[in-house]
Amino acid sequence: MERSEAQYAQAKLAQLKGQYQVDVLADWGDGDREWKPGLWTRSELDKLHDSIALLANAMGETANFIRNLGGVTVKKSDIGTHGGEAIRHQVSLSTKGSFSAWTVVHEFAHAWDANYGWNLSRQLEKYTGGYTNPLLSYLKQLAGLSDSAFLKPENKPGRYGRRPGCNRAGYFYGDKPSGSNWAFNRIEDFAESVAMYMGWGKDNDLSSWAEARIKRYLLANGVSDKNFGVDNWADYAKLFYPDNGDYTKTKRWQFVDDLVNGRISMS
Ligand SMILES: [Zn+2]
């Protein structure tokens with residue numbers, strides 16, 4: 001942040017606080033002798049605000065967003081290779097490079113879930129017919145039925161651990177998520193499902209990524225996707241590609257739609 005942008009940034013912070021009860025920890029300002037620019041940029045503050053607005057608008061009134069999230073502090077933090085992290089009332093964005101609108105919605109979805117004791121992701125798991133069973137996952141891998149190495153993923157097409165239960169958590173997802181990998185579990189499933197819902201079939205900053213996540217399963221095995229690399233896409237279509245390519249036909253889309261429209265109790 002340049003000194004000339006400080007006034008704009010201050011107004012943006014006040015807006016985020018006033019509208020959404022979101023506090024951004026400012027890392028810019030007057031240093032001892034000279035201006036301290038920090039890591040935040042003006043365009044990142046705009047992106048943060050726009051992405052939060054997407055989520056809040058889907059929830060209806062801003063009062064719903066404030067109740068669902070219960071106030072959130074956003075900061076830039078050194079969190080290793082992750083793009084973001086979230087716990088109750090707190091979202092951290094990586095100090096390495098910038099972030100996407102998708103990451104903001106994904107992390108705020110975690111903070112929302114956390115604010116309800118991670119019950120929202122448990123509800124999603126149940127609603128979609130999934131379950132978490134580490135023992136069964138272990139046996140599946142032992143029996144050679146996993147698309148991964150034993151207790152770890154392999155870095156090659158068809159071996160990333162995308163099948164139900166073939167992940168660290170032993171998460172057997174139900175219905176059709178938009179994707180899965182070794183790190184997948186019901187908590188990641190919830191955050192990704194919220195982001196997919198916000199972007200799918202709309203014309204916002206999440207829409208092209210949401211579409212790309214589904215369209216990749218139309219590719220042949222071994223083809224390289226510009227966003228997602230090489231995989232045996234055709235083989236995975238039966239697990240992830242929704243009926244007629246319409247994500248609104250999935251149980252996940254329906255779950256988030258029910259949730260944001262108050263047809264599901266959050267606690
Ligand atoms: Zn996540």
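Predicted model only: the values in this text are computed from it and were never measured. Numbering starts at 1 and runs along the sequence shown.
No donor-acceptor pair under 3.5 Å is formed between the side chain of Gln19 and the backbone N or O of Leu16. No donor-acceptor pair under 3.5 Å is formed between the side chain of Ser137 and the backbone N or O of Asn133. The main-chain N or O of Ala86 is never found under 3.5 Å from a side-chain atom of His110 such that the two would form a donor-acceptor pair. Of the possible donor and acceptor atoms, one in the side chain of Asn57 sits under 3.5 Å from a partner among the backbone N and O of Ala53. For Asn232 (side chain) and Asn221 (main-chain N/O), no donor-acceptor pair under 3.5 Å exists by modelled atom type. With hydrogens and angles disregarded, a donor-acceptor distance shorter than 3.5 Å links the side chain of Ser207 to the backbone of Lys202. Looking at Asp147, its side chain does come within 3.5 Å of a backbone N or O of Arg162 through a donor-acceptor pair. No donor-acceptor pair closer than 3.5 Å links the side chain of Thr73 to the backbone N or O of Gln90. When atom types are taken as modelled, the side chain of Glu125 and the backbone of Thr132 share a donor-acceptor pair closer than 3.5 angstrom. Judged by distance alone, the side chain of Gln123 and the main-chain N or O of Ser265 form a donor-acceptor pair under 3.5 Å.
Atoms CH2 and CG, from Trp182 and Leu151 in turn, are 6.0 Å apart once rounded to the nearest 0.5 Å. Taking CH2 from Trp28 and CD from Glu5, the interatomic distance works out to 10.0 Å, rounded to the nearest 0.5 Å. Rounding to the nearest 0.5 Å places NZ of Lys215 at 11.5 Å from CG of Asp225. Taking CD from Gln15 and CG from Leu45, the interatomic distance works out to 10.5 Å, rounded to the nearest 0.5 Å. Expressed to the nearest 0.5 Å, how far CD1 of Ile79 lies from CG of Leu93 amounts to 7.0 Å. Note that CE of Met59 is 9.5 Å distant from CZ of Arg67, once rounded to the nearest 0.5 Å.
Side-chain contact annotation: Ser43 with Asp46, donor-acceptor N/O pair under 3.5 Å absent. Side-chain contact check for Ser178 and Arg213: at least one donor-acceptor pair (N or O, by modelled atom type) lies under 3.5 Å. In this model, no donor atom of one side chain and acceptor atom of the other lie less than 3.5 Å apart for Ser77 and Glu85. A donor-acceptor pair shorter than 3.5 Å can be found between the side chains of Asp257 and Tyr197. No hydrogens or angles considered: nothing links the side chains of Tyr236 and Asp231 as a donor-acceptor pair under 3.5 Å.
In this structure, Lys140 and Phe172 have side chains that are in contact, with non-hydrogen atoms separated by less than 4.5 Å.
Annotation for His89 and Gly71: closest pair ND1-O, 3.0 Å, computed over non-hydrogen atoms. Shortest non-hydrogen contact noted between Tyr173 and Ser180 is CE2-OG, 3.5 Å. For the pair Gln141 and Ser148, the tightest heavy-atom approach, listed with the atom from each and the gap, is OE1-OG, 4.1 Å. Shortest non-hydrogen contact noted between Ser193 and Val256 is O-CG2, 3.8 Å. Shown here for Val91 and Ala111, the closest heavy-atom pair between the two residues is CG2-CB, 4.2 Å. Here the closest heavy-atom approach between residue Lys76 and residue Trp40 is recorded as CG-NE1, 3.3 Å.
Classified by interplanar angle (parallel below 30°, tilted 30° to 60°, perpendicular above 60°), the ring pair Tyr127/Phe255 is perpendicular. Taking the six-membered ring for Trp and thresholds of 30 and 60 degrees, Phe228 and Trp209 have ring planes inclined between 30 and 60 degrees apart.
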Please determine whether side-chain contact (heavy atoms from CB on, under 4.5 Å) holds for the pair Asn68 and Met266, giving the CA-CA distance in whole Å, both sets of side-chain angles, and the decisive distance to 0.1 Å. CA-CA 9 Å; Asn68 291 346; Met266 295 189 198; 3.6 Å; yes

Going through the checks in order, is the side-chain contact (heavy atoms from CB on, under 4.5 Å) test met by Val194 and Leu55? CA-CA 9 Å; Val194 169; Leu55 184 56; 3.9 Å; yes

Can you check side-chain hydrogen bond (donor to acceptor under 3.5 Å, both in side chains) on Trp102 and Glu192, steps first, answer last? CA-CA 9 Å; Trp102 189 276; Glu192 285 295 276; 3.0 Å; yes

Could you please spell out the steps behind the side-chain contact (heavy atoms from CB on, under 4.5 Å) verdict for Tyr20 and Leu69? CA-CA 9 Å; Tyr20 303 119; Leu69 276 294; over 6 Å; no

Passes side-chain contact (heavy atoms from CB on, under 4.5 Å), Lys176 versus Phe240? Steps please. CA-CA 5 Å; Lys176 289 177 175 174; Phe240 303 118; 5.6 Å; no

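Using a 4.0 Å cut-off between charged side-chain N and carboxylate O, Asp23 and Lys17 make a salt bridge. With salt bridges taken as basic N to acidic carboxylate O contacts below 4.0 Å, one links Asp258 and Arg263. Using a cutoff of 4.0 Å between basic side-chain nitrogens and carboxylate oxygens, Arg252 and Asp189 are scored as salt-bridged. Classification of Asp78 and Lys96 as a salt-bridged pair holds, one side-chain N sitting under 4.0 Å from a carboxylate O. Using a cutoff of 4.0 Å between basic side-chain nitrogens and carboxylate oxygens, Arg3 and Asp30 are scored as salt-bridged.
The 12-atom threshold is exceeded at CG of Asn227, counting heavy atoms of other residues, nucleotides or ligands nearer than 6.0 Å.
Linking ILVMFWY residues whenever their side-chain heavy atoms come closer than 4.5 Å, directly or via other members, leaves Met198 and Ile187 in distinct clusters. Under a hydrophobic-cluster definition in which Ile, Leu, Val, Met, Phe, Trp and Tyr are linked whenever side-chain heavy atoms come within less than 4.5 Å, directly or via other members, Tyr138 and Tyr171 are assigned to different clusters. Using a 4.5 Å cut-off between side-chain heavy atoms of Ile, Leu, Val, Met, Phe, Trp and Tyr, with links allowed through other members, Leu142 and Leu135 fall into the same hydrophobic cluster. Both Tyr241 and Leu239 sit in one connected hydrophobic cluster of ILVMFWY residues. Membership requires side-chain heavy atoms under 4.5 Å apart, directly or through other members. Tracing side-chain contacts under 4.5 Å through hydrophobic residues (I, L, V, M, F, W, Y), one never reaches Leu39 starting from Val74; they form parts of separate clusters.
Just one residue in the list Phe190, Trp118, Phe65 forms a ring-ring contact (aromatic ring centres under 6.0 Å, His included) with Trp112, and that residue is Phe190.
With a 6.0 Å cutoff to the six-membered ring centre and a 45° limit on the axis angle, Lys47 counts as a cation-pi contact of Phe99.
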